K.L.:
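Got a structure here, written out as C-alpha cells. Questions coming.
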Amino acid sequence: IPTPGHTVVSERTRGPWWSSCLLTSLSPCLSFICLSLFLTYCSKTHRHTQPLSVSLHHCVSMLSLVLQTDYYYEYTECDSTGSRWRVAIPQSHGSCIGLPEPVRGTECTFSCEAGEFLEMSAQECTQCAAGTYSLGSGIRFDDWETIPSGFSSLATYLDNGPHGDDSTTCNSSTWFPQGGYLESNRDECTVSLIYAVHLKKPGSVSFDYQYPDGNLFFEFFIQNDQCQEMDQTADKKWLKLTSHGEWATHTVNLKSGTNILYWRTAGILIGAKVVKPVLLKNVHIEGVAYASECFPCKPGTFSQTPGSSSCQPCPRDTHSGHGASSCTPSEGSAECKARPPCSKKDYFQIHTPCDLEGKTQVTYRWVEPQICLVDVDGAETLPPSGDREPCPPCNPGFYNNDTATCSPCPPGTFSDGSCPAGTEPAVGYQYKWWNVLPASMKTSCFNVGNSKCDGMNGWEVAGDHIRSGAGVPSSQSVLLKSTRVVASWEGSKVRQSYTHIMTKNASVSYTWAYQRTNQASDVRQNVNSVASIYSISVSNAVDGVSSECQTCALLSQPSGSLCVPCPPGHYIHTSQCTECPPNTHLTSHSTLGPEACKPCGPSSKSNKEHSRCYSDCVFSYSENNVSLSFDYSSLGSVGTLMNGPSFTTKGTKYYHLFNISLCGGEGRRAVCTDNVTDLSSADSQKETEEPANAVETLICQSTIIPSSGRGFHTALSSQSISLADTFLGATVALTLDGVKARPDLFPQTTNKVPDVNFFYRSLEVTSSCDKGRNVVVTLRCNPDRSTQGELTVPSQCPAGTCDGCTFHFLWESSGACPQCTSTNYHQIEGACKGGLQDTLYVWTEPKRCVGGVSLPEKKTWPCESMDFLVKMGATIGTFTAALLFSITCYFWKKNKRLEFKYSKLVMSSNKECELPGADSCAVMEGEENEGEMEDEVVYSKKTSLIRKLQAIASRGNGRSYENVQLNSSQSNGLVWG
C-alpha cells in the first residue's frame with residue numbers, strides 16, 4: 001500500500017505499452033527510444049485537452065517520475081525546530097546505491113491549496129491537470145468503478161470448522177465496486193476494507209453509507225501503526241441502521257500520524273434469509289498536509305480548467321469518461337441493442353385529480369424512459385383516455401366544500417354533522433377512496449444505489465385502491481410513508497387484512513415499501529407484478545378526523561354535557577367513568593360497559609392502571625386437604641439462559657440468549673438489546689433513558705455471537721425479539737387458554753411437589769405463527785439446586801421450541817419449593833444432664849420446602865438424673881424388702897401360735913378327764929388383744945432341751961402329754977403333768 005506522500009507512478013498513469021520499456025532500461029539507446037515514444041504518447045494524449053506548454057510541462061513531470069521508478073521520496077519526521085528532510089527510499093529492500101542525497105525538505109507547516117498536489121522532485125505545489133482535481137489538505141474517493149489505489153479488501157473466517165480450513169469459504173468474499181458506491185459481502189465471512197493514511201495534523205474522516213439490515217454486522221474502527229486500536233466511543237465504532245434507500249453520513253476525528261481505517265462487515269445467516277449488503281461511498285479524509293496526486297474525475301463529471309478542486313457533472317444529453325476535461329454529446333454508444341415492440345407492460349394508468357366539476361378521468365402513460373417501439377408490427381399503442389367520471393366520495397371524516405378537494409371535518413364534528421350530547425367523535429383516519437394521495441402521506445422511489453429513480457412514479461392512486469408504480473425497475477423500491485419492519489410478505493398473496501396494535505401512546509410513522517427483487521438490475525422485469533392497498537384505518541389518532549360518534553363520559557354535574565376522558569383503568573358505564581374491578585384488565589379494543597374489563601388468569605393480578613396482568617410471585621395450591629404456598633421472589637427479577645452453541649451452514653458459532661421475567665410486575669421486565677446497532681445510539685438513549693431498539697417485554701430472545709468467533713472485540717448481540725408480552729396465568733394444570741405444557745419434553749421427577757406452569761403469550765403475530773408465540777415456563781422444586789436455580793430447554797428442541805411458535809423452559813430451583821410449615825419438621829429430646837434436658841427441632845429429610853415458618857428455638861426442661869433415681873430405687877427396694885420380711889415373720893409367728901393352739905385342742909379332746917370343749921379353734925375378734933392378758937398360752941420359761949427330749953421319750957411310751965402353763969382370767973394357772 002503506497003503511503004500518502006510517496007511519489008509513485010501507477011500503471012494507470014504510465015500506460016500499459018511503455019511501462020515495461022522504461023523499467024527495463026537495457027541501454028542508453030533503448031532508453032532514448034523509450035523517451036521519444038513517451039513524449040510522442042504525451043503529446044497525443046493531451047493534444048485536444050490542454051495547451052501544448054501545459055502538456056509538455058505535465059509530460060516532463062511525468063518523465064521525472066518515471067525515471068525515479070527505482071525509488072520514491074518521503075519526508076522524515078519533523079524535529080524540534082519544525083524542519084524535516086526529504087530522503088529517497090528504494091522500492092526494493094537492500095538496494096541503496098545511486099540514490100539521491102537527502103536534501104532539506106519543506107517546513108512542517110507547508111501545505112498545498114485545493115486544486116494542487118506536491119511534486120516531490122521539486123518540492124513544489126503543482127496544479128492538477130484538467131480532468132483531475134485535489135482537495136489540498138484532503139483526500140476524496142467518489143469513483144468506485146474499481147477499488148481505488150490504497151484500498152485493500154481482506155476476507156477472513158475466524159470461526160473455522162473442525163478442520164480449520166477457510167481457504168475455500170471466503171476467497172470470493174470482498175467489497176464489490178458498483179460505479180457510484182462499494183457494496184459489501186452478503187455471506188458470513190468477515191470482510192475488512194482497509195485504507196492507511198498519514199496525517200501531518202489532526203483531521204477527520206467522513207463517509208456516506210447505507211446499513212439497512214441488522215443481520216449484517218458493520219463496524220468502523222481505527223488502528224495506529226502498531227496495530228493497536230485507537231480509543232473510540234461505541235457510537236463512533238458501531239454504525240446506526242438506516243432506513244431503506246436513505247444514506248447516512250458518519251464522521252470520526254483522526255489524530256496526527258498514521259491512521260489505518262477499517263470498515264468491517266460480518267453476517268450471520270440463520271435460516272435461508274438473505275441479508276442486505278452495506279453500501280459505502282464518498283470517503284473524505286481531512287488532515288493531510290498535501291495531496292500526493294490528483295484524482296481523476298469520475299464518469300459523468302469533468303474539470304475543464306487546471307487546478308480544479310472538484311469536478312462538475314456533465315450537462316443533460318452529454319457523457320464523459322474517466323478523467324475527462326469536457327463532456328461529449330451523447331450521439332452514439334459502443335453497443336446498440338434492438339428496441340422491442342411496445343407491450344402492455346410498457347404503460348400504466350393513472351387517475352387525474354378531481355376538477356371543479358367533481359369529475360376524474362383515467363389516462364395512460366408510457367413507462368419512462370420509453371425504450372419500446374410503437375410503429376412496428378405487433379406493438380401495443382397507448383390506450384385512449386377514459387370517460388370523465390364522477391370522483392369517488394370523500395373518505396370518512398372528510399367533506400366536499402364545493403371544491404375539487406376534500407377537507408377534514410372540524411374538531412368536534414363528524415362526517416354527517418355534530419355529535420349529540422353524551423357522545424364524542426371517534427377520531428382516527430380511514431382511507432378507502434384513492435383519487436388523490438392524502439396530505440399526510442408522501443411517496444418516493446429509490447434503488448439500492450439511490451440513483452436512476454428520479455421522475456419515476458412511486459405509489460399511484462387508482463380509485464378504490466393504491467398500487468405500486470409500474471415503471472419502477474426491478475431492483476428499485478417504492479415507499480408510502482404515512483420506520484422498524486413490523487410485517488413483510490413475499491411471493492403472490494391474495495387480498496387479506498392485517499392489524500397492528502399500538503400498546504402505548506406515541507407518535508409514529510408507518511412506511512409501506514414494495515420491491516420486486518433484491519438483486520441490483522436496471523432491466524425492467526416482472527413489471528406487471530404490483531402491490532395494491534385498498535384501505536388504511538388508524539384509530540385513536542389525536543389529530544385525526546371522525547366519521548362516527550361514540551359514547552363518552554360526562555362531567556360529574558347533573559347538568560353536565562361536556563365529555564371528559566376517563567382515567568386509566570376505567571370504562572364508561574351510564575355516561576360515567578367506572579374503575580375496573582380488582583384483578584381485571586381493559587382489553588386493547590375496549591367496549592362499553594363492564595364487559596370491557598376482562599378478568600386476569602389464575603394466580604395473576606392487574607396493575608394499578610388495569611392495563612395488563614402479572615404474577616406477584618405468589619402461588620397457592622390445595623389438594624387432598626394439603627395446602628402448599630409458593631413464593632418465587634427469591635428466584636430473582638429476571639432469569640437468563642444461554643443455550644447452545646449452534647452453528648450456521650458455514651459453521652459460525654452462535655448462541656440463543658433468553659431473558660425471562662417470571663414475576664413481571666412494575667419495573668421488572670426482561671430487556672434484550674442489539675449491542676451492534678444500539679451502541680451507536682448513546683444520544684437517543686440519554687434523551688429517552690431507554691436503550692434504542694431494545695426489546696422490553698416479559699420474555700425475549702437474542703442471538704449472541706461470541707467475541708472469539710468473528711474477530712470482534714466484544715460479544716455481539718442481535719436479532720432481539722419478543723417471545724411473550726402477556727401473562728396468562730400460573731397453574732399446575734397442563735393447559736391454559738389454548739396453550740399446552742409438554743412435561744414429556746423434560747426428564748420426569750419422583751418429587752411429590754407438583755410442577756407449576758407459567759403461561760405467556762405474545763400479541764404480535766408472525767408469518768409462521770398466525771396466533772402469536774406462546775411460552776410455558778415450568779417451575780420444579782429441586783432441593784439440590786441453588787436458589788437461582790437452572791433454566792433448561794428440551795433436549796430434542798435445543799432452540800427452546802419444537803414448532804417455532806410455542807417455547808418450553810424448565811426452571812429447577814430450591815426457590816421453587818413450597819414454603820415450609822409445621823408439618824415439615826419434628827422434635828428430638830436430648831439426654832438429661834445436670835438436671836436439665838434439651839428439646840431440639842429438625843427438618844424432615846429430604847427437605848422440600850423453603851422460607852415459610854422457621855424452626856422453633858431449642859427448649860430446655862428441668863429433669864432428674866439417673867444416679868438419683870438409682871439411689872432412690874435402691875432405698876425404696878431395701879425398705880420394701882425389710883417391710884415384707886417383717887410382715888412375713890409376723891404372720892409366720894402368728895400362724896405357729898394358731899397351729900399350736902389347735903393341736904392342743906385336738907389333744908385335749910382325747911383325754912379321759914376332758915375339760916369342757918372349746919367353742920372355737922380360731923382366734924376370734926378381740927381375742928388378739930385379750931390373749932396377752934388372759935388366755936395366752938405360753939411355753940414354760942424353764943423349758944430346756946432336756947425337758948423336750950423327755951417329752952419326746954414319753955410320747956414314745958404312749959404318754960402323750962406336755963407341760964404347759966395356762967393363764968386364765970378365772971384361774972391363775974393350771975398345770976397338767
Side-chain angles (χ1 to χ4, degrees), residues 1-4 6-20 45 62 65 117 128-135 138-155 170-187 189 191-197 205-210 220 247 260-265 277-285 288 291-303 308 310-311 313-314 319-325 327-328 333-335 447-452 475 519-522:
I1 303 176
T3 303
H6 297 174
T7 305
V8 181
V9 180
S10 64
E11 289 290 336
R12 181 180 58 191
T13 305
R14 291 195 297 263
W17 61 273
W18 52 267
S19 58
S20 59
T45 302
M62 294 177 63
L65 297 178
F117 75 100
C128 292
T132 62
Y133 73 97
S134 76
L135 301 176
I139 307 173
R140 185 178 181 86
F141 301 95
D142 55 6
D143 182 11
W144 305 97
E145 292 293 338
T146 59
I147 295 182
S149 175
F151 283 87
S152 61
S153 181
L154 176 63
C170 293
N171 282 346
S172 60
S173 297
T174 183
W175 286 78
F176 302 95
Q178 299 290 349
Y181 57 89
L182 275 179
E183 179 181 298
S184 73
N185 61 312
R186 298 169 181 250
D187 52 23
C189 297
V191 182
S192 299
L193 182 67
I194 307 172
Y195 184 78
V197 60
V205 56
S206 64
F207 54 89
D208 298 336
Y209 71 94
Q210 284 188 19
F220 173 75
W247 289 91
I260 306 176
L261 313 180
Y262 285 83
W263 292 266
R264 177 180 288 178
T265 59
V278 173
L279 307 183
L280 180 67
K281 69 176 184 179
N282 295 338
V283 179
H284 188 177
I285 302 174
V288 296
S292 59
E293 61 177 336
C294 296
F295 298 94
C297 295
K298 65 179 182 179
T301 62
F302 73 102
S303 63
S308 298
S310 62
C311 298
C314 289
H319 70 279
S320 67
H322 228 56
S325 60
C327 298
T328 304
S333 176
E335 182 181 359
N447 65 3
V448 293
N450 200 26
S451 60
K452 300 179 182 180
S475 62
Q519 299 297 328
S521 173
D522 291 333

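Remember, predicted model here, so these are calculated numbers, not experimental data. In what follows, every heavy atom counts, from backbone to side chain, and hydrogens, waters and symmetry copies are set aside.
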K.L.:
Quick one: pull up CZ in Phe207 and NE2 in His284 and give me the separation to the nearest 0.5 Å.
P.N.:
14.0 Å

K.L.:
Please evaluate residues Ser184 and Leu280 with respect to the criterion side-chain contact (heavy atoms from CB on, under 4.5 Å), reporting the C-alpha separation (whole Å), side-chain torsions for both, the decisive distance (0.1 Å), and the verdict.
P.N.:
CA-CA 8 Å; Ser184 73; Leu280 180 67; over 6 Å; no

K.L.:
State which residues pass side chain to side chain contact (heavy atoms under 4.5 Å, CB included) with Ser303; sequence neighbours excluded, sorted by chain then number.
P.N.:
Cys297, Ser308, Cys311

K.L.:
Please name the pair of heavy atoms, one in Cys314 and one in Phe302, separated by the smallest distance, quoted to 0.1 Å.
P.N.:
SG-CD2, 4.1 Å

K.L.:
Suppose we screen for ring-ring contact (aromatic ring centres under 6.0 Å, His included). Which residues come up paired with Phe176, at least two apart in sequence or across chains?
P.N.:
none

K.L.:
Look up atom OG in Ser192 and atom CD1 in Ile260, then write down how far apart they are to the nearest 0.5 Å.
P.N.:
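Ser192 OG to Ile260 CD1: 12.0 Å, rounded to 0.5 Å.
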
K.L.:
Classify the ring geometry of Tyr133 against Phe295: parallel below 30°, tilted from 30° to 60°, perpendicular beyond 60°.
P.N.:
tilted

K.L.:
Using the rule given for side-chain contact (heavy atoms from CB on, under 4.5 Å), can you reason through Tyr195 versus Ile285, listing the C-alpha separation, both sets of side-chain angles and the distance that settles it, and then say yes or no?
P.N.:
CA-CA 11 Å; Tyr195 184 78; Ile285 302 174; 3.6 Å; yes

K.L.:
What's the separation between atom NE2 in His322 and atom OG1 in Thr132, rounded to the nearest 0.5 Å?
P.N.:
11.5 Å

K.L.:
Would Lys281 and Asp142 count as a side-chain contact (heavy atoms from CB on, under 4.5 Å) if you check the C-alpha gap in whole Å, the side-chain angles of each, and the deciding distance to 0.1 Å?
P.N.:
CA-CA 6 Å; Lys281 69 176 184 179; Asp142 55 6; over 6 Å; no

K.L.:
For the residue pair Ser173 and Val191, what are the closest heavy atoms and their distance?
P.N.:
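Between these two residues, the closest heavy atoms are CB-CG2, 3.8 Å.
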
K.L.:
Nearest 0.5 Å, please: how far is OH in Tyr181 from CD in Gln210?
P.N.:
8.5 Å

K.L.:
Looking only at heavy atoms, which two atoms of Ser134 and Glu293 are closest? And how far apart?
P.N.:
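Where Ser134 meets Glu293 most closely, the heavy atoms are CB-O, 4.5 Å.
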
K.L.:
Show the numbers, then the answer: is there a side-chain contact (heavy atoms from CB on, under 4.5 Å) between Leu182 and Val283?
P.N.:
CA-CA 11 Å; Leu182 275 179; Val283 179; over 6 Å; no

K.L.:
Would you please name every residue forming a side chain to side chain contact (heavy atoms under 4.5 Å, CB included) with Pro148, sequence neighbours left out?
P.N.:
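With sequence neighbours excluded, Pro148 shows a side chain to side chain contact (heavy atoms under 4.5 Å, CB included) to Phe141, Trp144, Phe151, given in chain and number order.
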
K.L.:
Looking at CG of Leu193 and CG of Leu261, how far apart are the two atoms once the value is rounded to the nearest 0.5 Å?
P.N.:
9.0 Å

K.L.:
How close do Leu135 and Ile139 get, counting heavy atoms only, and between which atoms?
P.N.:
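Closest approach of Leu135 to Ile139, heavy atoms only: CD1-C, 3.9 Å.
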
